[in-house]
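Note on naming: letters A, B, ... go to the chains in the order of the sequence lines (proteins, then strands), and numbering restarts at 1 for each one. Predicted, not measured: the structure shown is a model, and the values here were computed from it.
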2 protein chains.
Amino acid sequence: MVGVSTRTVRHYHHLGLLPEPERLANGYREYRLRDAVALARVRRLAELGLSLDEVRDVLADDQGRELREMLLELDADLAREQAAIADRRARLAALLAEADLHPDSTVSPDMAEVLRGLPTGSSAFAELDRELLTLAATLSDSEGGAEFADLLRPLTEPEAYARGHALIARLDELADADPGDPLVAAVARDLADHLPDEMVSVMLASLDDAANGQWLEELLRELPAAQAEVFRLLVTQLKERG
Amino acid sequence: MVGVSTRTVRHYHHLGLLPEPERLANGYREYRLRDAVALARVRRLAELGLSLDEVRDVLADDQGRELREMLLELDADLAREQAAIADRRARLAALLAEADLHPDSTVSPDMAEVLRGLPTGSSAFAELDRELLTLAATLSDSEGGAEFADLLRPLTEPEAYARGHALIARLDELADADPGDPLVAAVARDLADHLPDEMVSVMLASLDDAANGQWLEELLRELPAAQAEVFRLLVTQLKERG
DNA sequence: CTTGACCATGACGTAGCGTCAACGTTTCTA
DNA sequence: TAGAAACGTTGACGCTACGTCATGGTCAAG
């Protein structure tokens with residue numbers, strides 16, 4: 001009659017949502033009309049989206065005004081959920097449109113162009129950069145890592161990035177060098193002098209936060225020793241200049 | 001960086017969504033930048049609403065067109081969910097509006113009026129009727145029991161019900177009577193002659209279906225023997241008339 | 001040496017039932 | 001009248017995506 005499984009009914013018995021009916025001599029439960037009525041009430045509330053615990057509370061408080069509160073709160077929940085779904089569908093649509101144009105890419109079209117501009121394979125530094133930029137691009141349209149992505153976003157601007165592009169070759173030359181090599185200091189000075197303003201401000205802002213300072217250290221461990229040393233020197237110089 | 005708990009990361013390792021990184025000498029996992037990149041991709045897909053199994057499938061099929069299918073299917077799911085939520089909010093709003101007018105009622109306003117018209121307390125038959133009508137009203141704006149509610153809906157029409165109202169007194173007189181009492185046959189004939197057309201058609205339609213026939217027998221068991229006998233006779237007569 | 005802050009594995013809890021499993025009862029059928 | 005099929009009973013595990021202990025090892029600071 002009510003359209004639920006026997007398992008569901010027993011579950012409600014177990015949770016105390018529904019009183020157990022009389023048993024027959026053989027132990028079978030015998031349901032009467034009022035049980036169906038009670039079950040239908042439970043189902044109506046449950047289908048509105050109340051949890052079974054909430055349903056129990058409402059039924060226990062038999063028609064207090066608590067029902068109103070819960071229903072209002074529930075409506076607010078549903079509204080939030082609706083908004084979240086709309087947001088997901090929007091991002092999904094964007095992702096689909098993008099996939100139509102660049103079926104091989106996992107990031108946004110302009111970002112993909114930047115990545116294609118990087119030297120591939122032979123350059124270890126470019127490899128790190130590629131990963132870093134991919135990470136930033138991936139995080140930037142998710143939810144959790146928004147703050148981190150904000151820090152790196154200026155790096156994903158095509159122009160800003162193109163200006164720093166030529167520096168990669170100089171860094172790659174240091175791949176196998178010794179951290180004490182005089183070239184290290186030279187490249188660091190060059191970087192400090194010619195680095196685009198956006199990148200400098202991003203780095204300084206990043207260093208202000210203790211947690212980001214940690215990340216920087218971790219990132220440098222991915223690089224050959226001499227390259228890492230370049231960045232340590234660079235950081236020192238930039239800090240001195242303010 | 002990515003904004004998830006370590007527990008989540010380990011969960012992804014366990015599910016095979018994310019490769020386990022190298023271990024340090026002490027057994028600690030050492031994560032590198034590419035792990036963060038991989039994790040970010042998992043999160044992006046998961047936050048779009050894919051299940052973790054689906055995420056694994058997508059990542060395994062590395063950029064096949066299967067991604068498109070899944071995303072389209074997912075979008076359809078989300079659309080359905082959106083519609084479902086909208087529906088629930090609509091019912092919820094109706095319920096809230098109704099509660100404002102009649103804080104003590106659990107059914108729709110017109111139904112509440114019908115119920116108030118029934119004799120209360122002293123009449124066992126009215127009591128059964130009240131439960132039956134409440135059940136129908138409760139089911140009618142839920143989902144599962146729609147078919148059953150459709151059968152009983154004509155009974156909830158105020159006019160139709162009011163016309164049958166006077167018959168209740170006659171039935172109540174039989175509460176303690178013997179099933180063989182001559183009054184039983186008399187009341188049954190009276191009912192057959194004066195029952196509103198809507199109720200007759202509902203009963204006949206209901207009897208056509210085997211499952212509903214079952215329900216009728218169950219319902220009759222709720223009544224005193226003489227009253228139940230009245231309805232059995234009534235059913236026989238109505239069937240003969242077609 | 002202690003204290004606290006990490007890391008590791010393993011296991012249980014969550015919501016709302018679906019789905020066996022193992023066994024007794026009733027009803028239909030040969 | 002016996003056996004099969006179709007019910008009923010209780011009990012327990014499965015599912016999602018992790019949160020939250022429990023228990024124990026590791027490491028840096030006071």
Return the value, rounded to whole Å, for the distance between atom [atom1] of [X] and atom [atom2] of [N].
X	N	atom1	atom2	value
E22(A)	dT9(D)	CD	C1'	17 Å
L45(B)	dT16(D)	CG	C1'	17 Å
H14(A)	dC13(D)	NE2	P	14 Å
E30(A)	dT26(C)	CD	C1'	15 Å
H13(B)	dA8(C)	NE2	P	8 Å
L17(B)	dT16(D)	CG	P	12 Å
L48(A)	dG16(C)	CG	P	14 Å
R10(A)	dT19(C)	CZ	P	14 Å

Hey, is the side chain of [X] poking within less than 4.0 Å of OP1 or OP2 on [N], counting only N and O atoms?
X	N	answer
N26(B)	dA8(C)	no
T8(A)	dG18(C)	yes
R29(B)	dA8(C)	yes
R56(B)	dT16(D)	no
S5(B)	dC18(D)	no
Y28(B)	dG25(D)	no

* Under the side-chain contact (heavy atoms from CB on, under 4.5 Å) rule, what do Y12(B) and L52(B) come out as? Steps first, then yes or no, please. => CA-CA 8 Å; Y12(B) 293 167; L52(B) 296 189; 3.6 Å; yes
* Asked: Measuring from D57(A):CG to L45(A):CG, what's the distance to the nearest 0.5 Å?
  -> 11.5 Å
* Output the distance between atom CG (L174(B)) and atom CZ (F125(B)), rounded to the nearest 0.5 Å. => 11.0 Å
* To do: Classify the nucleic acid contact of S51(A) as base, sugar-phosphate or nothing, counting any heavy atom under 4.0 Å across all strands shown.
  => sugar-phosphate
* Asked: Want to settle it: does L50(B) or R7(B) sit nearer the 5' end of DNA chain D, counting the closest nucleotide to each?
  -> L50(B)
* Nearest-nucleotide comparison on DNA chain D, the residue closer to the 5′ end among H11(B) and R23(A) -> R23(A)
* **N-O pairing of R29(B) and E20(B) below 4.0 Å** => yes
* **R32(A) and E222(B): CA distance, side-chain angles, deciding distance, side-chain contact (heavy atoms from CB on, under 4.5 Å) verdict** => CA-CA 7 Å; R32(A) 317 212 54 174; E222(B) 312 261 338; 3.1 Å; yes
